[in-house]
Every structure is written in structure tokens, then in C-alpha cells.
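See structure below.
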There are 2 protein chains.
Amino acid sequence: MKVSTKGRYALRIMLDLALHNSGELVPLKDIAGRQDITLKYMEQIISPLAKAGYVLSLRGSSGGYRLARHPSEYTCGDILRVVEGPLAPTVCLSSGDFVDCPRADECPTISFWEGLRDVINKYVDSVTLEDLMNEQLSAQNDYVI
Amino acid sequence: MKVSTKGRYALRIMLDLALHNSGELVPLKDIAGRQDITLKYMEQIISPLAKAGYVLSLRGSSGGYRLARHPSEYTCGDILRVVEGPLAPTVCLSSGDFVDCPRADECPTISFWEGLRDVINKYVDSVTLEDLMNEQLSAQNDYVI
DNA sequence: AATATTCCTAGCACAAAACTATGAATATAG
DNA sequence: CTATATTCATAGTTTTGTGCTAGGAATATT
């Protein structure tokens, strides 16, 4: 029941972009330095986020990435699902309809797992990138005072 | 974010025991037949459940397992945690206190993950083995009628 | 004594996760 | 217009975990 590093890193990358959201492009090298994630691994993680239109990119010198929307318009669930796939606790609930399992009809645990899937998704969709930003900013204030 | 087969099978094994809870001992071989799980793999899965006192066992001919308590006294969370370990979405939340992560203090996502851990555990602890039994039994009735 | 079970431990095959590596495409800067 | 800095695409590698298989000891019943 663990979220992979891709999911966790994706959240940190998006949060980093949100905190440096001046309108200018932020090169991955900068984020890599701040977040202790290798450049090459980050490229792989941000790639699906770019394809999903969550971040905008420009190549070449002084290129980089920036958010496509306001931080309040991304839920953590949005971001996690893009890099992790469906947030479902079983394979039979991952592929839209329960194609795989021959026991699906009579399965006494399926509705339990559906319930779990639903509370997970409801929760991760209740927190936005902006919420994480505020968390971060208030923690910094605590530190300064 | 997947539950392993151990967790899923553990639930099915416990449910099978609950549905055959006549007071007699049920040998794993019987459960293996009904549940399409190999005997040897089931042995491994039920072992921690026996050690946790969730099932009682007797060796030898006409030995087997039975539930230690009434089905209503097990939550799905209880069972899953015994075989899967802590139901936490990150390693840093799995080992009691966040020992591992040097970033824990300033981590802006930790409370998000704590929230996720909490909703997961709250949900899995809200469903009991008896609930699964009722699900199963009413499904069977549907089928018969 | 034979048999049927749980219990214990080790190993193995496969898949997935977590990176690393190489280099092409492309935009800017000087 | 060349050097440089970036994204983009793809493939390879290493490590870890999952999902089982195997063999046999211990123990209770028949």
C-alpha cells in the first residue's frame, strides 16, 4: 500500500513549481538542486505531467517549465493519478471494469475494495496544490519566528 | 497503491473460516480447494494470523484452524495490518515515528500523507468480517432466488 | 504404525521500482 | 552563426519486492 517515489516526487516537483510561480520558466536543474532528485529521473517524472497539460515547457537555453493553471486548480489526486495510474487498491478495480477476475460476480470483498478506492480518491482530491503551498509557507514562518 | 495478494488472500481465508465457523477445525486443504490458493502459500499467509492469535490451530490428523473470536470482532484493518504491516502510504509513516527522512521537519507533504493514512485506516477499520459475511450470504441468496 | 495435518525455513523466478545513460531536437545567448 | 542550455525520447541497469515452490520437521489422530 505504498505510493511510489514517482508519485511522491511528482507532488514535490509540482509544489516547487507552485512556489516559484513567477511566470518565468523554471529549469529542472534548479528544482533538482532544491529537491535532491536527479535531473534525469525528474525528466521522466515530469514528462507525463507535461503530456497531460499540467505543466508548460519550452526547450533550449533559458527554457524550463511552469504551471499551466493556478495551484488551486490542481488536486493532489490529479497529480498522483497522472504519474501513478488509477489509485485503486486492487488490479481488478484499476482497469475501468473488472475484466480480469473470473470471480468478480461472486466476489464478497469487491465492494469492500471499492469503498477503499473511493475514500482514497475522495481524500486525495480534497487537497489542492495551493493547500500544500500554504502548509509550506506557514511552516517557513514558524521557522523564522 | 496496491494491496498485495497476501492481504487479499488473508481476507478471503478469514472469510472462509467465518463462513465455516461451526466450532470444528477447518483444514487448510479445504480452504485451498474453495479459494483456489495453493496450500503452501496459504500456510505462509495464515501463519502470522495464528501468531497474532486471530485463529486457533491444532496439528495432526483432523487438525486445522478456526476463528478465535466472533466475526464481528475482527475489522478488515486488523487482518490486513497483520499480514501487510502498517497501512501507510509512505515508508516515513510506517515505522512509528519518522526516523528515516532527514526532511521530515520541513516536509510540506507529510501532513497530506498522514491524512491519507488516517482515512485509509479509518475505512478499513469500519468494516468487519461479519459485514463481509453478510455481503457474501446476501449475494448467494440473490443467486438462489 | 500410518496418516494427516500444522509449522518452519529456505530458495527461486519473475516483475516492478528506481534510477542511469546516451543522445537527439530545439531554443536562446553571445 | 556558433556555442550552450535546455527539453524530449528511448533504452539499459540495478535493486527490491512479490508471489510463489520445496523440503522436511513436529505433532496429533486414526
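Residue numbers start from 1 in every chain, and the chains themselves are labelled A, B, ... in the order their sequence lines are given, proteins ahead of strands.
A salt bridge (charged side-chain N to carboxylate O under 4.0 Å, His left out) check over residues 48-64 of chain A, counting only residues at least two apart or in different chains, returns nothing.
Within residues 74-87 of chain A, no residue approaches DNA chain D, by heavy-atom distance under 4.0 Å. Contacts between residues 18-26 of chain B and DNA chain D, counted as heavy-atom distances below 4.0 Å, involve no residue at all.
A:Tyr65 contributes no side-chain N or O that, together with a main-chain N or O of A:Ala50, makes up a donor-acceptor pair within less than 3.5 Å.
Interatomic distance, CG of A:Leu17 versus CD1 of A:Ile46, reported as 5.5 Å (0.5 Å rounding).
Nearer to the 5' terminus of DNA chain C, by closest-nucleotide assignment, is the contact made by B:Leu58 (compared with the other of A:Gly63 and B:Leu58). Each of B:Ser61 and A:Leu28 lies near DNA chain D, and the nucleotide nearest A:Leu28 is the one positioned closer to the 5' end.
A donor-acceptor contact under 3.5 angstrom links the side chains of A:Thr5 and A:Tyr41, judged on distance only.
Judged as a side chain to side chain donor-acceptor pair (under 3.5 Å), and not counting sequence neighbours, B:Gln136 has no contacts. Considering only residues two or more places apart in sequence or on other chains, B:Tyr74 meets the ring pair (Phe, Tyr, Trp, His ring centres under 6.0 Å) condition with B:Tyr54.
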Worksheet item: How does protein reach along nucleotides 9-17 of chain D, written 5' to 3' as B (base within reach of a heavy atom under 4.0 Å), S (only sugar-phosphate), or - (no contact)?
Response: BBB------

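Using a 4.0 Å heavy-atom cutoff across all strands shown, A:Ile46 reaches no nucleic acid atom at all.
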